[in-house]
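Report on the following structure.
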Amino acid sequence: TMTPGGKTVIVIGRTSSFGKATALKAAELRTKLTITGRNAVKLDQAVSESAANGHNLAGQMVNAVDVASIPSFFAGIEDFDHLVLMAGAS
């Protein structure tokens with residue numbers, strides 16, 4: 001069984017309910033976590049809450065519905081082990 005601790009995980013759509021649950025679990029497993037969202041207030045809250053709990057994460061604004069924003073996001077990412085896509089139009 002692979003344990004994700006120490007791995008780099010990106011969760012796109014972290015501010016959604018499923019994205020939030022996935023990111024929280026990844027954070028509990030001590031991954032290096034990057035979370036994204038299109039709502040700056042929710043994203044800032046998520047980063048603050050997670051950091052207060054001692055989780056290692058970064059937050060970035062990404063609107064996954066805007067396909068043009070995705071390549072620029074990944075251009076700034078060097079390497080990652082897991083990608084979770086929980087975003088979509090509502």
Side-chain angles (χ1 to χ4, degrees):
T1 316
M2 184 187 83
T3 57
K7 301 287 184 178
T8 299
V9 177
I10 298 171
V11 179
I12 296 179
R14 164 28 182 114
T15 56
S16 70
S17 58
F18 288 120
K20 181 177 182 177
T22 302
L24 288 173
K25 187 61 178 176
E28 288 172 7
L29 295 171
R30 300 291 178 214
T31 63
K32 180 181 174 195
L33 182 63
T34 297
I35 59 174
T36 71
R38 63 182 175 210
N39 180 311
V41 172
K42 287 183 178 182
L43 186 60
D44 288 345
Q45 285 176 331
V47 170
S48 295
E49 290 171 13
S50 295
N53 289 319
H55 300 145
N56 177 21
L57 74 145
Q60 279 193 286
M61 289 287 297
V62 174
N63 183 353
V65 177
D66 175 13
V67 177
S69 72
I70 296 173
S72 61
F73 166 71
F74 280 103
I77 303 292
E78 290 184 26
D79 196 15
F80 61 92
D81 299 294
H82 304 284
L83 172 65
V84 180
L85 180 59
M86 301 298 290
S90 55

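- Pairing each heavy atom of R38 with each of V65, the nearest pair is NH1-CG2, 3.1 Å.
- The side chain to side chain contact (heavy atoms under 4.5 Å, CB included) test applied to V67 returns no partner, not counting sequence neighbours.
- The side chain to side chain contact (heavy atoms under 4.5 Å, CB included) with T34 is formed by just one residue from the set I10, I12, V11; it is I10.
- Under the 4.5 Å side-chain heavy-atom criterion for ILVMFWY residues, a single connected hydrophobic cluster contains both V9 and I35.
- Between the CD atom of E28 and the CG atom of L33 there is a distance of 11.5 Å, given to the nearest 0.5 Å.
- Nearest heavy-atom pair, Q60 versus I77, reported as atom, atom and distance to 0.1 Å: OE1-CD1, 4.1 Å.
- Summarising the geometry of S50 relative to L57, their closest heavy-atom pair is CB-CD2, 3.2 Å, with the distance given to 0.1 Å.
- In terms of the side chain to side chain contact (heavy atoms under 4.5 Å, CB included) criterion, residue partners of F18 (sequence neighbours excluded) are, by chain and number, M86.
- Hydrophobic cluster membership differs between L24 and L85, with clusters built from Ile, Leu, Val, Met, Phe, Trp and Tyr side chains linked at under 4.5 angstrom.
- Nearest heavy-atom pair across G54 and R30 is O-NH1, 3.3 Å.
- Partners of S69 according to the side chain to side chain contact (heavy atoms under 4.5 Å, CB included) rule, which considers only residues two or more places apart in sequence or in another chain, are V62, N63, D66.
- In this structure, NZ on K7 lies 13.0 Å from CG on L29, to the nearest 0.5 angstrom.
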